[in-house]
> 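One structure, as structure tokens, below. Some questions next.
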Protein chains: 2
Amino acid sequence: MIDVVKIAKALSDPIRYEILKFLVRRDAEPGAELVSNCCSGLCNCDIMQVFGLIQSRVSYHMRELVDAQLVIEEQRGKWKYYYPNYQILKDYVKQIEANFLQR
Amino acid sequence: MIDVVKIAKALSDPIRYEILKFLVRRDAEPGAELVSNCCSGLCNCDIMQVFGLIQSRVSYHMRELVDAQLVIEEQRGKWKYYYPNYQILKDYVKQIEANFLQR
DNA sequence: TGACTACATCAAAATAGTTTGATATGATAT
DNA sequence: ATATCATATCAAACTATTTTGATGTAGTCA
């Protein structure tokens, strides 16, 4: 079962929320211009560049998102490629609805 | 517009999450046995009793829930009566879906 | 091999959130 | 009015989270 409080905590940081939104937007627009030329997907260095954050800060927040299972990571050579975990997001919504909106 | 990150933060504390679940459950079962005899609704003192928390702690968490608009409070004499704000909960789910699950 | 790149990890500092006990406020009842 | 009850607020202590700079690790490429 999902840990709904842990997911809420992961979503409760504005930077993480924006990063996740960005991952989803980029995932939905596969033809969009690549942010950097470091790799074909979306990696740490892209997020650094887009949000103007230093490397260890991005690394920290991505680990939080991965730990909450909101984001799946995939190693590609020396890069980490991130993509949204839609199943967990769906489960989160379902759980919120089940706990608070069942009438 | 709702502040989705603020709502997530309010939901990210396990005590607040349980209190909100409790408010919803109690709201859905109007015939359920009253927890205390202090008032006809659900007040601070009920939550203290049910969760075994001291007064200032309950007061703090209820204020967080009210600030996030997840809970509406109503003064009744010397008591505060709390009930869930379903509209905000619905808006929160909608926003999560719009930001992350639109395909 | 060595130089370089991407990312992880660590410890320290900074910031934010939570808990507690004490005190304050405001309503009710006598 | 006073006494009592429910809740708010405050300051201090405590705990958790975030940020930073430094260093470590592992992959890549010449």
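Labels below follow one simple rule: chain letters A, B, ... track the order of the sequence lines, proteins then strands, and each chain is numbered from 1.
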> Compare every heavy atom of A:A10 with every heavy atom of A:E64, then report the nearest pair and how far apart it is.
O-CB, 4.5 Å
> Consider only side-chain heavy atoms of I, L, V, M, F, W and Y, link residues closer than 4.5 Å, and tell whether B:L20 and B:F51 are in one cluster.
yes
> Measure from the ring center of A:F100 to the ring center of B:Y17 and say whether it is less than 6.0 Å.
yes
> So, for A:Q69 and A:I88, which heavy atoms are closest and what is the spacing to 0.1 Å?
O-CG1, 3.3 Å
> Can you tell me the distance, in whole Å, between the CD atom of A:E74 and the C1' atom of C:dA6?
16 Å
> Name the closest nucleotide to the A:Q55 side chain, picking from D:dG21, C:dG21, C:dA8.
C:dA8
> Of the non-hydrogen atoms in B:D27 and B:Y86, which two are nearest, and what is the gap between them?
OD2-OH, 2.6 Å
> Rounded to whole Å, please give me the gap between CZ in A:R57 and P in D:dT19.
4 Å
> Between C:dT20 atom C1' and B:M48 atom CE, what is the distance in whole Å?
13 Å
> For DNA chain C, which residues of residues 3-17 of chain B approach it to below 4.0 angstrom with any heavy atom?
B:K9, B:D13, B:I15, B:R16
> Rounded to the Å, how far apart are A:K80 NZ and D:dA26 P?
12 Å
> Using 4.0 Å as the upper bound for N to carboxylate O, is an ion pair formed by B:K21 and B:E18?
yes
> Just compare D:dT19, C:dT9, D:dA6 and give me whichever is closest to any side-chain atom of A:S56.
C:dT9
> Are the side chain of B:S59 and the backbone of B:S56 linked by a donor-acceptor contact shorter than 3.5 Å?
no
> Starting from P on D:dA6, measure out to CD1 on B:I54 and report it in whole angstrom.
16 Å
> Should A:Y82 and A:Y60 be regarded as members of a common hydrophobic cluster, given that ILVMFWY residues are connected when their side-chain heavy atoms come within less than 4.5 Å of each other, either directly or indirectly?
no
> Does B:N44 place a side-chain N or O at less than 4.0 Å from the phosphate oxygens OP1/OP2 of D:dA8?
yes
> Could you state the OH-P distance from A:Y81 to C:dA6, rounded to the nearest angstrom?
17 Å
> Heavy atoms from C-beta onward define the side chain here; which of C:dA8, C:dT20, D:dA8 lies closest to that of A:Y82?
C:dA8
> Just how far, in rounded Å, is P of C:dA6 from CG of A:D46?
10 Å
> From C-beta outward on A:K78, which listed nucleotide comes closest to its side chain: D:dT9, D:dT28, D:dT7?
D:dT28
> Can you pull out the residues from residues 59-68 of chain B that lie within a 4.0 Å heavy-atom distance of DNA chain C?
B:Y60, B:H61
> Whole angstrom is fine here: how far is it from CH2 in A:W79 over to P in C:dA8?
14 Å
> Just checking, any donor-acceptor pair under 3.5 angstrom between side chains of A:D91 and A:Q87?
yes
